[in-house]
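Encoded as structure tokens, the structure appears first; notes follow it.
Since this is a predicted model, take the numbers as computed values, not measurements. Labels below follow one simple rule: chain letters A, B, ... track the order of the sequence lines, proteins then strands, and each chain is numbered from 1.
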There are 2 protein chains.
Amino acid sequence: MARAATTSDVFNAIAEPQRREILVLLRAGERPVTELAQELRMTQPGASKHLRVLREVGLVRDRKAGKQRLYGLDARELRPVHDWIGGFERFWNESFNRLDEYVQNLKQARQEE
Amino acid sequence: MARAATTSDVFNAIAEPQRREILVLLRAGERPVTELAQELRMTQPGASKHLRVLREVGLVRDRKAGKQRLYGLDARELRPVHDWIGGFERFWNESFNRLDEYVQNLKQARQEE
DNA sequence: CAATTATATTCCGATATCGGCATGTGTCAA
DNA sequence: TTGACACATGCCGATATCGGAATATAATTG
């Protein structure tokens, strides 16, 4: 064994900044590859590769439109990710400033587990 | 240039399955490294390394407790991620089954942009 | 068919990642 | 000080990633 799972998993797909930008752009509607590449200042092969990853994890759909290939958003796979992170919602509301931390330290110093 | 940004970015930190498991465990409260390693069936160095990444992106805090080092959750950095993904919420509710897709194709075939 | 345009794929180099193992550092206790 | 724990770090191998350049494939047009 060497490296754990990678792409082909939504968490990983959206870990790439350029892929996130692509997804954002696609909210405005379907776009051909070249247009995406241009707007995001990346090469055409670069865009194609990122789109491939996004397609493999199901975040985008593509359909032929003559010479072009239009890519469109399919955000359904983002829901589970959103839900997973949502499971921490109540924790990021807890204040973690120095004062609270100090108090917590005192409390937790006594209560194991 | 070779590889874009990596760790030291929350999206990437949570792209690792084991790191996600650690975060989930920490919702129950602070834990020492060895305990985490045991429950997640990973080696101690393995756990330490993942915790380091999580600490560097700010997702966990650590404090010394005698011989041990207790790691605790600090979920604040998850909020922006949650928000970013939330920006797609209205899209994953759109139905994308074959019928709708067919209809959309017809519509979008005529309306450029 | 040839030429053109749009996109995908392949090959490459540089680099990062993860896991394993060994070893370092720090803390407590006798 | 010497052990015994708890944890961190370093080094290594295998592999994946991203970006770039060149090339292949597909569809359109003349």
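Bending across the helix from C/dC1-D/dG30 to C/dA30-D/dT1, expressed as the angle between its end axes from five pairs apiece, amounts to 10° (10° rounding).
Partners of B/Glu21 under the side-chain hydrogen bond (donor to acceptor under 3.5 Å, both in side chains) rule, at least two apart in sequence or in another chain, do not exist in this structure. Judged as a side-chain hydrogen bond (donor to acceptor under 3.5 Å, both in side chains), and not counting sequence neighbours, B/Gln18 has no contacts. For A/Arg20, the side-chain hydrogen bond (donor to acceptor under 3.5 Å, both in side chains) test picks out no residue, with sequence neighbours left out. In this structure A/Arg27 satisfies the side-chain contact (heavy atoms from CB on, under 4.5 Å) test together with A/Val24, A/Leu73, B/Phe88, B/Phe91, sequence neighbours excluded. Scanning for salt bridge (charged side-chain N to carboxylate O under 4.0 Å, His left out) contacts around B/Arg41 gives an empty result, with sequence neighbours left out.
Atom P of nucleotide C/dG20 and atom CE of B/Met42 are separated by 10 Å, given to the nearest angstrom. What separates CZ of A/Arg63 from C1' of C/dT7 is a distance of 16 Å, to the nearest Å. Distance CZ (A/Arg41) to C1' (D/dG20): 18 Å, rounded to an integer number of Å. B/Lys64 has its NZ atom 9 Å from the C1' atom of C/dT27, to the nearest Å. One atom, CD of A/Gln18, and another, C1' of D/dC18, lie 9 Å apart when rounded to the nearest Å. For B/Leu40 and C/dG19, the CG to C1' distance is 15 Å, given to the nearest whole Å. Atom pair A/Asp9:CG and C/dT17:C1' shows a separation of 14 Å (rounding to whole Å applied).
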Base-contact (B) and sugar-phosphate-only (S) positions in nucleotides 4-10 of chain D, heavy-atom cut-off under 4.0 Å, - elsewhere: -BSBBBB
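Note on residues 49-74 of chain A: no pairs pass ring-ring contact (aromatic ring centres under 6.0 Å, His included), not counting sequence neighbours. Among residue pairs with one or both ends in residues 82-91 of chain B, those qualifying as salt bridge (Lys or Arg N to Asp or Glu O under 4.0 Å) are B/Arg79-B/Asp83, B/Arg90-B/Glu94; sequence neighbours excluded.
Counting only heavy atoms from C-beta outward, the side chains of B/Leu59 and B/Ile14 approach each other to under 4.5 Å.
Between B/Glu30 and B/Arg61 there is no salt bridge, since no side-chain N of the basic residue sits under 4.0 Å from a carboxylate O of the acidic one.
At the phosphate of C/dG19, OP1 or OP2 sits under 4.0 Å from a side-chain N or O atom of B/His50.
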